[in-house]
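First the structure, in the form of structure tokens, and then the observations on it.
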There are 2 protein chains.
Amino acid sequence: MAQTEKQSTTLLAIDPKLQMAPQIYGSIRQSILDLRLTPKQALSEKELALMLGVSRTPVREALIKLAEDGLVDIFPQRGTFVAPIRVAEVLEAQFIREALEVSVVARVAEISDPTIIARLQESLARQKRAVDNGDLDGFLAEDENFHFILSASVNLTRAWKVIQNVKGQLDRVRVLSLPEPGHLAELYEQHLAIVTSIESGNSAAAKKHMTKHLQQVFRTIDKLLAQRPEIFFD
Amino acid sequence: MAQTEKQSTTLLAIDPKLQMAPQIYGSIRQSILDLRLTPKQALSEKELALMLGVSRTPVREALIKLAEDGLVDIFPQRGTFVAPIRVAEVLEAQFIREALEVSVVARVAEISDPTIIARLQESLARQKRAVDNGDLDGFLAEDENFHFILSASVNLTRAWKVIQNVKGQLDRVRVLSLPEPGHLAELYEQHLAIVTSIESGNSAAAKKHMTKHLQQVFRTIDKLLAQRPEIFFD
DNA sequence: TCAAATACACTACCATGGTAACATGTCAAT
DNA sequence: ATTGACATGTTACCATGGTAGTGTATTTGA
């Protein structure tokens, strides 16, 4: 009873013309990822439905999907809770993402299609602008887009979906890490190295740079484990 | 109206003590994989609920999950249909599975834990028995278990779930391929080579053997494309 | 003959009510 | 003080009714 929802603003605007369930899913997911909904917090169907002004059915469907993402834990007849940040699951998410994205970038490098490279370079340009302007959100959005371009360019849309799903676990950790000066520029350089490898058709180099790029999260995890170990469970 | 359900036996026995939705999901999924439900066939919530003796809600949840697996297509306000076998999606499923399982087996080989190896060899023994007895179903079950052991032994349960999900696309193609003499023995030999590489801690060799093992499906696809191209869509 | 309009059947989607499983607090018995 | 029985409230799960959107057959108007 004590931990009812404090929530100041509504989770998100809902467009009644579109389907409810996907919107609710996205809304709750975003709230979990930026920690507006905190680990272990109770999320009852009824309460969320009331808050969002919809019925319990689409809320329930959204929660089921979030459970598949590992972002909520559903205990039948007991309750649904925001999943705690479990080190093992974060590491496994990283493992899956790395395996897939490294394979993807290898394929992109093997093809080394000029039109694909052009689109990647356009993304790089936008990233550079965001870095120069210190536009964190803009960079993160373009970072996401950069990785999407890689998968989509070789028609691996399902792989991208899997990456997106597991990435939730990683994003929740990332928002906990304080933004460091020069970090964005570093990420940009890594993206640049990846594209350069793709241009030269050097898939081995592309894989290496992608691996290094993705393994940045380990630094974040280590730092958080040292500075704020109470964040993690299990 | 013409393509109503012919279905002789019920899809599966439902245990009312357990949760409905997961059972229904498994039941329908199995029927799709062994082609008792054929591509493009209509699957309405109402009809399935009637057939299974449950309400529409858990059926709907099962269908949503199957849609995420890419095994059914849901067209809002129009209908739900068994997904056609799309070459691109089968190939992408193979890509994802290969990326993950190769990475998994590399990790297993790096660790090269004796107790894991022992469990793998027990599985190999069971496989050998199935091959000698010509027990196809028994071998397939143990084949599944073999790959599960690999993921589970290094605590990559989510990776296993992803593999399982995408593998549906591959299984549906596999059942179309006629069983060839000596094929099972061949698969057994490949498993053996993988375990041998793990024993020697040779992760590069393990990756190579796993890749070769998984890429067997390409043979099946090529053969089907030549012999029964009408099976595929898009 | 043929196109536009209309009626109809059917769908997935959402809302809502009922229920068994589960947690928790109260109180009696020892 | 501890345990066990019982009352009460809460939950996710399932059943079922209503609705807007969508195809299709039929009718209408030339």
Side-chain angles (χ1 to χ4, degrees), chain A residues 1-5 10-28 32 37 40-83, chain B residues 1-5 10-28 32 37 40-83:
Chain A
M1 187 67 67
Q3 59 181 25
T4 46
E5 196 56 27
T10 54
L11 292 182
L12 199 92
I14 300 284
D15 182 349
K17 307 295 287 185
L18 305 176
Q19 291 189 164
M20 302 280 98
Q23 296 184 82
I24 296 167
Y25 165 77
S27 171
I28 300 177
I32 293 176
L37 297 175
K40 300 265 184 183
Q41 179 171 354
L43 295 177
S44 85
E45 291 177 1
K46 195 185 294 187
E47 195 177 345
L48 286 169
L50 216 61
M51 283 167 42
L52 294 166
V54 298
S55 83
R56 300 184 329 260
T57 303
V59 171
R60 171 174 166 75
E61 289 170 7
L63 290 176
I64 290 174
K65 190 131 186 283
L66 288 166
E68 290 164 9
D69 290 354
L71 290 175
V72 308
D73 294 329
I74 299 177
F75 301 97
Q77 326 300 349
R78 289 203 284 142
T80 300
F81 307 87
V82 177
Chain B
M1 187 66 67
Q3 58 181 24
T4 47
E5 196 57 26
T10 54
L11 291 182
L12 199 92
I14 300 284
D15 182 349
K17 307 294 287 184
L18 304 176
Q19 292 190 154
M20 302 281 100
Q23 296 184 81
I24 296 167
Y25 166 77
S27 171
I28 300 177
I32 293 176
L37 296 175
K40 299 264 184 184
Q41 179 171 353
L43 294 177
S44 85
E45 291 177 2
K46 196 185 293 187
E47 194 178 345
L48 286 169
L50 217 61
M51 282 167 43
L52 293 166
V54 298
S55 81
R56 303 190 320 268
T57 304
V59 170
R60 171 173 165 76
E61 289 169 6
L63 290 177
I64 290 174
K65 191 131 185 282
L66 288 166
E68 290 163 9
D69 290 353
L71 291 175
V72 307
D73 294 330
I74 300 177
F75 301 96
Q77 326 300 353
R78 289 203 285 139
T80 300
F81 306 86
V82 177

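Just so it is clear: chains get the letters A, B, ... in the order the sequence lines come, proteins before strands, and each one is counted from 1. From a predicted model like this one, the values you see are computed outputs, not experimental measurements.
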To the nearest Å, how far apart are [X] [atom1] and [N] [atom2]?
X	N	atom1	atom2	answer
Gln23(B)	dC13(D)	CD	P	14 Å
Phe75(A)	dA12(D)	CZ	P	11 Å
Arg60(B)	dT16(D)	CZ	C1'	14 Å
Leu63(B)	dT11(C)	CG	P	13 Å
Gln77(B)	dA9(C)	CD	C1'	14 Å
Lys46(A)	dG18(C)	NZ	C1'	12 Å
Glu61(B)	dA12(C)	CD	C1'	14 Å
Leu18(A)	dA12(C)	CG	C1'	16 Å

message: Taking the minimum atom-to-atom distance to the side chain of Ser44(A), which one of dT16(C), dA12(D), dA21(C) wins?
response: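 Closest nucleotide to the Ser44(A) side chain: dA12(D).
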task: Look at Arg78(A) and dA23(C) and indicate whether a side-chain polar atom (N or O) is within less than 4.0 Å of OP1 or OP2.
output: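 Yes, Arg78(A) has a side-chain N/O under 4.0 Å of OP1/OP2 on dA23(C).
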query: Can a side chain N or O of Thr80(B) be found less than 4.0 Å away from OP1 or OP2 on dA12(C)?
result: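 Thr80(B) to dA12(C) OP1/OP2: side-chain N or O found under 4.0 Å.
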Can you name the closest pair of heavy atoms from [X] and [Y] and give their distance?
X	Y	value
Ala83(A)	Gly70(A)	CB-O, 3.5 Å
Ala67(A)	Ile74(A)	CB-CD1, 3.8 Å
Ala42(B)	Phe81(B)	CA-CD2, 3.6 Å

query: For Gly79(A) and Val54(B), take the nucleotide of DNA chain D holding the closest heavy atom to each; which residue's nucleotide lies nearer the 5' end?
result: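 Taking each residue's closest nucleotide, the earlier one in sequence belongs to Gly79(A).
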- request: Assess whether one donor atom and one acceptor atom, taken from the side chain of Thr57(B) and the base of dT16(D), lie less than 3.5 Å apart.
  value: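 Per atom types, the contact qualifies.
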query: So, does Gln23(B) use its side chain to make a donor-acceptor pair with the main chain of Gln19(B) at under 3.5 Å?
result: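 Present.
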query: Contact class for Ala49(B) vs. all strands (heavy atom < 4.0 Å): base, sugar-phosphate, or nothing?
result: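 Contact class for Ala49(B): none.
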Atom pair CD1/CD of Ile32(A) and Gln41(A) - distance to nearest 0.5 Å: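 Separation between the atoms: 9.0 Å.
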